[in-house]
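What follows is a single structure, written as structure tokens, with notes after it.
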Amino acid sequence: MTSPHEPGPKSASPSPLELPLRRLRLAELPLDTEELARFLIGAVIVSDGPGGRIAARLVETEAYLPGDEAAHSFRGETARNATLFRRRGLAYVYFIYGNHFCLNVSSGPEGVGAGVLLRAAEPLDGIAAMEARRNGAAVRDLCRGPGRLAAAFGITRAQDGIDLCAPGPLWLAAPLRPAEAPGTSVRIGLTRAADRELRFYERGSPYVSGPAALSS
DNA sequence: TCACTGATCGTCT
DNA sequence: GACGATCAGTGAG
């Protein structure tokens, strides 16, 4: 790791930003999982914890559909993926590779396993808190990847099942500005159903994860 | 910038 | 007992 120090916004600026965040209502979320994944690009994920507010603008998502071989729900409901089979708008959090948590939004009606993986986001507020949780990573890298995003927000299985459209510690807010030039690609890190174009991202955003060839 | 590897452990077969 | 919706570190081009 010999990269030069970035002149990014690393200075201590703990003053609250007073972002005009409006909680998304469940009725605003598209019923279709793929549409929801597109819709969430530009939306804001917000955590209100004891350490203050953390907020980040979503720039990358992936859709996991019913009957999708790559989806955790494909082999039926288990204790681990039960939230995916509940109603839409809930946080589905799972533990992966022995190291990381990933955050999804459940998207199906009761009994149908579907969801949207939140893969990457642009930090907006609570950057100091995110840096502390991410061991001082560069701002660009704080939420660039699903495991990193969850780590920056302090998300664990304890957040599984939280209603993201209701007052609470973790919620979704309407976009502050519309997403620019949304792009699509195949999903990342899969061995099954790896050819389906169900990844959505904001073209040109430096906060998007994955190889550059998938985000052009 | 990309390719490769080890870490690490819950979940399911 | 094997695998996995990942990440950080390393080395090559």
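In what follows, chains carry the letters A, B, and so on, assigned in the order in which the sequence lines appear, proteins first and then strands, with residues in each chain numbered from 1.
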- Message: Check the orientation of A:His72 and A:Tyr92. Use parallel for under 30°, tilted for 30 to 60°, and perpendicular for over 60°.
- Response: perpendicular

- Message: Using a heavy-atom cut-off of 4.0 Å across all strands, would you classify A:Gly98 as base, sugar-phosphate, or nothing?
- Response: base

- Query: Do the side-chain N or O atoms of A:Arg75 get closer than 4.0 angstrom to the phosphate oxygens (OP1, OP2) of B:dT11?
  - Reply: no

- Query: Taking A:Arg192 for the side chain and A:Glu69 for the main chain, is one N or O donor matched with an acceptor at less than 3.5 Å?
  - Reply: yes

- Got A:Tyr64 and A:Leu190 here, is their nearest side-chain heavy-atom distance under 4.5 Å? yes

- Query: Can you tell which of C:dA5, C:dA8, B:dC12 lies closest to the side chain of A:Ile96?
  - Reply: C:dA5

- Task: Could you tell me whether A:Arg80 contacts a base, only the sugar-phosphate backbone, or nothing, with contacts defined as non-hydrogen atoms closer than 4.0 Å?
- Result: sugar-phosphate

- Message: Check the phosphate of C:dC3 against A:Thr191, side-chain N and O only, distance under 4.0 Å to OP1 or OP2. Yes or no?
- Response: no

- What's the CZ-C1' distance between A:Phe74 and B:dC12, to the nearest Å? 15 Å

- Message: Looking at C:dA5, I'd like to know if its phosphate oxygens (OP1 or OP2) sit under 4.0 Å from a side-chain N or O belonging to A:Arg199.
- Response: no

- Query: Do A:Asp141 side-chain atoms and A:Ala138 backbone N/O form a donor-acceptor pair below 3.5 Å?
  - Reply: no

- Note on the structure: Picking from B:dC12, B:dT8, C:dG4, the nucleotide nearest the side-chain atoms of A:Asn99 would be B:dT8

- Have a look at A:Ala212 and say if it touches a base, only the backbone sugar-phosphate, or nothing, with a 4.0 Å heavy-atom cut-off. sugar-phosphate

- Item | Contact under 4.0 Å: A:His100 side-chain N or O vs C:dC7 OP1/OP2 | no

- Message: Hydrogens and angles aside, do A:Arg119 and A:Ser209 bring a side-chain donor and acceptor to less than 3.5 Å of each other?
- Response: yes

- Task: Would you mind reading off the distance between A:Asn104 atom CG and C:dA5 atom P, rounded to a whole angstrom?
- Result: 11 Å

- Message: Can you measure A:Leu142 atom CG to C:dA8 atom P for me and round it to whole angstrom units?
- Response: 11 Å

- Query: Can you check the A:Arg119 CZ to C:dT6 P distance for me, whole Å?
  - Reply: 5 Å

- Message: According to a cutoff of under 5.5 Å between the ring centres and under 30° between the ring planes, does A:Tyr97 stack with the base of B:dA7?
- Response: no

- Find the distance A:Tyr64:OH to C:dG4:C1' and express it as a whole number of Å. 11 Å

- Item | Under 3.5 Å on both distances, the Watson-Crick or G-U partner of B:dT5 | C:dA8

- If you take atom types as modelled and just measure distance, does the side chain of A:Tyr94 reach the base of C:dA5 with a donor-acceptor pair under 3.5 Å? yes

- Note on the structure: Whole-Å distance, A:Leu84 CG to C:dA5 C1', equals 11 Å

- Task: Starting from P on B:dT11, measure out to CG on A:Asp160 and report it in whole angstrom.
- Result: 11 Å

- Is a side-chain N or O of A:Asn104 found less than 3.5 angstrom from the main chain of A:Gly115, in a donor-acceptor match? no

- Rounded to whole Å, the CD-P distance (A:Glu60 to C:dA5) equals 16 Å

- Could you check whether A:Arg134 gets within reach of a base, just the sugar-phosphate, or nothing at all, counting any heavy atom under 4.0 Å? sugar-phosphate

